[in-house]
Amino acid sequence: MCAAQWRRILVTNPEYVLEILVDVGIVTRKQVDAARAEAKDGDVIAALINLGIVTEEDIIRALSGHATMDFVDLTQMAISEEVISLIPGDIARKYRVIPVALLDTSLMVAIDDPLNFDTFDNLRYVLKRDLDFICATPSQIDSSLIKYYGSAEEAADVLRKQLGEDIEIGGDIAIGGDGGQESGDAPIIKMVTMLLLEGYKSRASDIHLEPLEKSFRVRFRVDGVLHEMQSPPKKLQSAIVSRLKIMTGSMSIAEKRLPQDGRIQVKIGKKSIDLRVSTIPTNHGESVVMRILDKSSLSLGLPELGFLSDDQEVFERLLNLPDGILLVTGPTGSGKTTTLYACLHYINKPDRKIITVEDPVEYQMTGINQVQVNSDVGMTFPAALRSMLRQAPNIIMIGEIRDVETANIAINASLTGHLVFSTLHTNDAPGAVARLVDIGVQPFLVSSSVRAIMAQRLVRKLCPKCKQPHSLSEAEMRALRIDHGQLGDANVMKAVGCDQCRHLGYKGRIGIFEILIIDDETRFMINDRASTLQIRKRARELGMRTLREDGVRKVLAGSTTAEEVIAATMVDAD
C-alpha cells in the first residue's frame with residue numbers, strides 16, 4: 001500500500017502509530033530510524049512496509065489490540081446480502097466500512113482504522129443504530145467494498161486475486177473467456193468463476209441459484225444449512241445460467257422448458273472438484289442447483305464419519321463379513337452415500353473385486369469398477385446387477401434399493417456368497433425391514449440375507465477453535481433424557497463463532513448412528529412378520545443405541561450441541 005493510501009486511511013497521528021508499534025514490540029527504534037531515512041514524502045509507516053519490516057496486517061492487528069478491538073480476516077467470511085443491505089454503498093465507501101453480521105441488538109461492522117473515533121460516532125448517527133466495531137486490513141476493506149458494492153467485473157477480479165492464479169475450469173476453459181466469446185462475455189465468465197470459487201471456499205455442499213420475481217437469489221448450503229449470499233443483478237440471470245450450461249458441455253442453452261443435468265470439472269490448484277449441475281424451469285426462469293463433489297471425502301476413515309470407538313469396532317467387524325447385505329438408511333441428505341464410499345475405501349484391497357451400480361456415479365474411485373445407470377439405453381439397476389454377477393465380484397455396492405426386482409437380485413447375490421452394500425430411505429434401522437417387505441420382498445428372504453442395518457443422521461460439528469464450555473438447561477436434559485449423573489465426566493460445549501468457522505460456531509458435520517444387528521431370534525421375528533416396534537424392542541435388548549442416544553454421547557463429548565441432536569432425531573423423542 002502506498003504512502004498516500006496510508007495517509008488517507010489512518011487519520012491518527014503517524015507518530016502515535018509508530019509509538020504503538022514500538023510499544024508492542026513489532027518494530028524497534030532502530031528500525032524506525034532506518035525507515036525514516038528511506039521514507040518518501042515523510043511516510044515512515046509506508047517505508048516500514050516497503051522495507052519488509054512489518055506488514056499491513058501487523059499494523060492493523062497492533063492498533064486493534066491497542067483499541068481492545070477484535071481483528072478479522074474478511075477473505076474468510078461469507079457475508080449475506082441481507083447484512084450488506086443494512087449499510088448503503090455510498091455510506092460504506094465514504095466511511096470505509098463493511099457490515100459483517102447482525103447481532104441481537106446491534107450490527108457488527110469492520111473498519112480499517114480502529115483509532116478513528118469520529119467515524120464511529122458519525123456512523124452511529126447516520127445509521128441510527130447500535131454498532132459493534134471490529135478491525136480488518138485496508139486492503140481487505142478495499143476488496144470487500146468492490147466485492148459487495150462494486151460491479152460484477154470488479155468483484156470477480158478481486159476474488160481471483162484473493163484466490164490466486166492457479167485456477168483452471170473445465171480443462172481447456174480458463175478464466176477470461178472461451179475463444180471468440182472472451183471480449184463480450186468476460187464479465188459473466190468472471191462472475192460465474194467467482195461464484196464457484198466462493199462456494200468452494202465457503203465449504204458449501206451445494207450452490208442454489210433461484211430466480212425470483214425481482215431478484216436472482218444465491219444460497220450456499222454449508223453443513224446442511226442454507227445461507228443467503230450476495231446476489232448478482234437480476235438482469236444477468238439468463239447469461240449466468242447459459243454460461244453454466246456451456247461449461248457442462250452437454251446441456252442445451254436453447255432448451256429452457258425441460259429439466260437438464262450435467263457436470264462441470266473444476267481444478268483449484270492441484271485439487272480436482274466435480275460439480276453436478278441440475279436445472280429446472282420455474283415461473284421466473286430456470287432454477288440451478290450445483291452439487292459440489294469434493295474427492296477428498298473419498299479418503300474419509302470411519303472415525304471421521306463420527307463413529308465412536310465401540311461403534312467403529314462393531315462396524316469394522318460387519319465390513320469383514322464374507323457375505324450378506326449391509327443396509328445404510330436415512331432420509332435424503334443424511335450422508336448415506338458418503339458412508340458407503342468410506343466403507344468401500346476401507347475394504348478396497350488388491351485381492352477383492354468390487355463393482356458398484358450408481359445413479360449417478362458421484363465419485364470415481366481407483367481400483368473399483370463403477371457402473372452408471374442409464375435407463376434410456378436399458379441400463380437399469382436390475383439389468384446392471386444381473387450382468388454384474390457374471391463378472392465374479394466379491395463385493396457389490398448398489399446405490400439404492402428402489403423396487404422389488406432390485407431388492408431380489410441383491411438378496412440372491414448375498415445368498416450366493418457376495419457382500420452387498422446398499423441404501424434405503426427409512427427413518428430408523430428397524431423400519432428398513434418393514435420397508436423391504438412393503439416393496440414385495442418375502443420376509444424369509446429378508447431374514448436370511450440382511451446381516452445388519454445402520455440408520456444415520458448428520459449433525460453439525462462444533463468449531464474446535466471457538467467452542468466454549470456450556471451447561472445444559474433442564475429442558476435440554478429432559479428432551480435428551482440425560483440425568484445429572486451423566487454430567488460428571490461430560491465436556492458439554494456451545495457454539496460461539498470465529499473467523500475459522502465464518503462466525504457460525506460450527507465447522508463440518510459428523511454422523512450419529514443406530515446399528516441393528518440381525519441375530520437368530522430377530523430372524524425368527526422377521527419370518528413371523530413382527531412389527532417394527534417389536535423388532536426395535538428386541539434390538540434394544542441386544543444393546544442397540546438409538547440415534548438420539550448416540551447423539552447424546554456426542555453432546556457429552558463436546559462434539560456437537562443439544563440443539564443439533566434434538567433437531568435431527570425428533571423421531572426418537574418417544
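A donor-acceptor pair is defined here as one N or O able to donate and one able to accept, closer than 3.5 Å; such a pair exists between the side chain of Gln31 and the backbone of Thr28. Under the 3.5 Å distance criterion, the side-chain polar atoms of Lys554 are matched with a main-chain donor or acceptor of Gly511. When atom types are taken as modelled, the side chain of Arg548 and the backbone of Thr569 share a donor-acceptor pair closer than 3.5 angstrom. At distances below 3.5 Å, at least one donor-acceptor pair connects side-chain atoms of Lys467 with backbone N or O atoms of Gly558. Using a distance-only test at 3.5 Å, with no hydrogens or angles considered, a donor-acceptor pair links the side chain of Glu476 to the main chain of Ser473. In terms of modelled atom types and a separation under 3.5 Å, the side chain of Gln265 and the main chain of Thr248 share no donor-acceptor contact. Without hydrogens or angle criteria, Gln456 side chain to Ser334 main chain gives a donor-acceptor distance under 3.5 Å. In terms of modelled atom types and a separation under 3.5 Å, the side chain of Ser64 and the main chain of Arg61 share a donor-acceptor contact.
Residues Ser139 and Asp142 bring no donor and acceptor atom of their side chains to less than 3.5 Å of each other. Ser106 and Asp132 form a side-chain donor-acceptor contact under 3.5 Å, judged by distance and modelled atom types alone. Side chain to side chain, Ser144 and Tyr149 fail the donor-acceptor criterion of an N or O pair below 3.5 Å.
Atom CZ in Arg96 sits 4.5 Å away from atom CG in Asp112 (nearest 0.5 Å). One distance of note links OH of Tyr506 with CG of Leu504; it measures 10.0 Å at 0.5 Å rounding. Annotation: the span from Leu102 atom CG to Ile79 atom CD1 amounts to 12.5 Å, rounded to 0.5 Å. The CZ atom of Arg93 lies 9.0 Å from the CD1 atom of Ile98; values are rounded to the nearest 0.5 Å. The CD1 atom of Ile264 lies 13.0 Å from the CZ atom of Arg276; values are rounded to the nearest 0.5 Å. Within the model, atoms CD1 of Ile20 and CD1 of Ile26 stand 10.0 Å from one another, a figure rounded to the nearest 0.5 Å.
When all heavy atoms of Phe133 and Met69 are compared, the closest pair comes out as O-CG, 3.2 Å. In terms of heavy-atom proximity, Leu74 sits nearest to Ala110 at CD2-CB, 4.1 Å. Nearest heavy atoms, Lys234 versus Glu213: CE-O, 3.8 Å. Minimum heavy-atom separation, Leu458 to Ala568: O-CB, 4.3 Å. For the pair Cys501 and Gly497, the tightest heavy-atom approach, listed with the atom from each and the gap, is SG-CA, 3.7 Å. Heavy atoms only, all atoms of each residue included: Ala62 and Leu21 are closest at CB-CD2, 3.8 Å.
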Walk me through it: do Ile273 and Leu293 pass the test side chain to side chain contact (heavy atoms under 4.5 Å, CB included)? CA-CA 6 Å; Ile273 307 295; Leu293 306 174; 6.0 Å; no
Criterion side chain to side chain contact (heavy atoms under 4.5 Å, CB included) on Asp130 and Leu107, from CA distance to verdict: CA-CA 6 Å; Asp130 291 333; Leu107 176 64; over 6 Å; no
In sequence, state the C-alpha distance, the side-chain angles, and the governing distance for Met290 and Leu209, and then conclude on side chain to side chain contact (heavy atoms under 4.5 Å, CB included). CA-CA 8 Å; Met290 291 178 283; Leu209 308 180; 4.1 Å; yes
Could you go through the side chain to side chain contact (heavy atoms under 4.5 Å, CB included) check for Val218 and Glu228 one step at a time? CA-CA 6 Å; Val218 176; Glu228 190 161 348; over 6 Å; no
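Remark: Lys256 NZ is loosely packed, at most 12 non-hydrogen atoms of other residues, nucleotides or ligands lying under 6.0 Å away. More than 12 heavy-atom neighbours from other residues, nucleotides or ligands sit within 6.0 angstrom of CG on Asp58. Atom CD of Glu19 sits in a crowded spot, with more than 12 heavy atoms from other residues, nucleotides or ligands closer than 6.0 Å.
In this structure, Ile111 and Ile134 have side chains that are not in contact, with every pair of non-hydrogen atoms separated by 4.5 Å or more. Here the side chains of Ser287 and Pro211 are in contact, with some heavy-atom distance below 4.5 Å. Arg129 has its side chain within reach of Leu86: a pair of non-hydrogen atoms, C-beta onward, lies under 4.5 Å apart. Side-chain contact between Ile482 and Leu487 is present, with heavy atoms from C-beta onward closer than 4.5 Å. Using a 4.5 Å heavy-atom cutoff, the side chains of Cys135 and Leu63 are not in contact. Lys336 has its side chain out of reach of Thr339: every pair of non-hydrogen atoms, C-beta onward, lies at least 4.5 Å apart. Side-chain contact between Val289 and Thr279 is absent, with no heavy atoms from C-beta onward closer than 4.5 Å. Side chains of Gln500 and Lys507 form a contact here, defined as non-hydrogen atoms less than 4.5 Å apart.
Under 4.0 Å is where a charged nitrogen must lie from a carboxylate oxygen, and between Asp550 and Arg553 at least one such pair does. Lys245 has a carboxylate O that lies under 4.0 Å from a charged side-chain N of Glu286, or vice versa, which qualifies the two as a salt bridge. Under the 4.0 Å criterion applied to side-chain N and carboxylate O atoms, Asp206 and Arg221 are assigned as salt-bridge partners.
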Determine all donor-acceptor pairs shorter than 3.5 Å in which one atom belongs to a side chain in residues 119-128; sequence neighbours excluded.
residue	atom	partner	partner atom	Å
Thr119	OG1	Asn116	OD1	3.4
Thr119	OG1	Asn116	ND2	2.9
Asn122	ND2	Asp118	O	3.2
Arg124	NH2	Leu131	O	3.3

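None of Arg509, Arg203, Arg460 except one satisfies the side chain to side chain donor-acceptor pair (under 3.5 Å) rule with Asp223; the exception is Arg203.
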